[in-house]
Trainee: 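Got a structure for you, written out below as structure tokens; questions coming shortly.
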Amino acid sequence: MSQPEPADTHPSTAADTTGPTDVCMPDSVAAGAFNHAILRVARLHRMLAGQLLRRVGLHPSQELVMMQLWDRGPQRQTDLVRLLGSDAATMTRTIRRLENAGFVRRHPSPTDKRVTIVEPTAASNALRKEVEQVWMDLETSVTDGMTPTQQAEAIEVLARIEEGLARATSHDT
């Protein structure tokens, strides 16, 4: 009876290289190593953000809405869509969930009844320091082991990536 061949006896290919998390890149994405790295980092970042935010009763992206409201005061829902680069349907769901949790209140604008104003509640204001701490903990995890120079370089590279993606998406519309 033959034994199964050990996995490490297969010849290595460029696509088999592993990153810092020892995640093997599939052969089909070998030409898109950068894309694969971005997807892995984004997935882990969102997972950690979710874990940290759960402690304060929020889900990822809800803290961004709250930060806008805390810093800018009551906002039109359409302004939150624009400020956060969201779409109307997603923002409506997010606001509804925050309202159900008691963190925001919605009401019609006194000057235009078609406009919805969103404002933070006292309950969310009590949460602000905790959310800011979560945000700092996430930042610390992201930058762990990086020098200030490396952090600045990474921010610059990410800004260039964002610009390129924004250009590409604007051409598709």
Trainee: Would R55 and V134 satisfy side-chain contact (heavy atoms from CB on, under 4.5 Å), going step by step from the backbone distance to the final call?
Mentor: CA-CA 9 Å; R55 297 177 191 165; V134 162; 5.6 Å; no
Trainee: Which heavy atom of S61 sits nearest a heavy atom of R46, and at what distance?
Mentor: OG-NH1, 3.8 Å
Trainee: Please report the shortest heavy-atom distance between S141 and L48, naming the atom on each side.
Mentor: CB-CD2, 3.5 Å
Trainee: Rounded to the nearest 0.5 Å, what separation is found between the CD1 atom of I38 and the NE2 atom of H36?
Mentor: 11.5 Å
Trainee: Nearest 0.5 Å, please: how far is CE in M91 from CG in L84?
Mentor: 4.5 Å
Trainee: If we ignore angles and hydrogens, is there a donor and acceptor under 3.5 Å between the side chains of Q62 and T94?
Mentor: no
Trainee: For the residue pair T111 and S109, confirm or rule out a side-chain donor-acceptor distance under 3.5 Å.
Mentor: yes
Trainee: Between R105 and E99, does the side-chain contact (heavy atoms from CB on, under 4.5 Å) criterion hold? Intermediate values first, please.
Mentor: CA-CA 6 Å; R105 178 176 26 259; E99 186 176 39; 5.5 Å; no
Trainee: CG of L39 to CG of L44: how many Å apart, nearest 0.5 Å?
Mentor: 11.0 Å
Trainee: Using the rule given for side-chain hydrogen bond (donor to acceptor under 3.5 Å, both in side chains), can you reason through T90 versus D87, listing the C-alpha separation, both sets of side-chain angles and the distance that settles it, and then say yes or no?
Mentor: CA-CA 6 Å; T90 300; D87 60 79; 2.9 Å; yes
Trainee: Shortest non-hydrogen contact from A123 to G102?
Mentor: CB-O, 3.6 Å
Trainee: When you measure from the side chain of S124 to the backbone N and O of F103, does any donor-acceptor pair fall under 3.5 Å?
Mentor: yes
Trainee: Kindly compute the distance separating CD1 (I95) from CZ (R93), expressed to the nearest 0.5 Å.
Mentor: 12.0 Å
Trainee: Under 4.5 Å between side-chain heavy atoms, counting indirect links through other Ile/Leu/Val/Met/Phe/Trp/Tyr residues: same cluster for L64 and V56 or not?
Mentor: yes
Trainee: Hydrophobic cluster membership, with links at side-chain heavy-atom distances under 4.5 Å among I/L/V/M/F/W/Y: are L83 and M67 in one?
Mentor: no
Trainee: Among all residues two or more places apart in sequence or in another chain, which pass the salt bridge (Lys or Arg N to Asp or Glu O under 4.0 Å) test with E132?
Mentor: R128
Trainee: For R54 and Q51, run side-chain contact (heavy atoms from CB on, under 4.5 Å): C-alpha distance rounded to whole Å, both residues' side-chain angles, the deciding distance at 0.1 Å, then the answer.
Mentor: CA-CA 5 Å; R54 253 191 305 280; Q51 289 172 359; 3.4 Å; yes
Trainee: Drop me the distance from L52's CG to E63's CD, to the nearest 0.5 angstrom.
Mentor: 10.0 Å
Trainee: Can you name the closest pair of heavy atoms from D79 and Q75 and give their distance?
Mentor: CB-OE1, 3.9 Å
Trainee: Apply side-chain contact (heavy atoms from CB on, under 4.5 Å) to residues Q68 and L80 and explain how you reach the verdict.
Mentor: CA-CA 8 Å; Q68 287 292 334; L80 289 168; 3.9 Å; yes
Trainee: Quiz question: by atom type and distance under 3.5 Å, do the side chains of R167 and S170 form a donor-acceptor pair?
Mentor: no
Trainee: Does the side chain of L138 come within less than 4.5 Å of H45's, by heavy atoms?
Mentor: yes
Trainee: Please report the shortest heavy-atom distance between P120 and N125, naming the atom on each side.
Mentor: CB-OD1, 3.9 Å
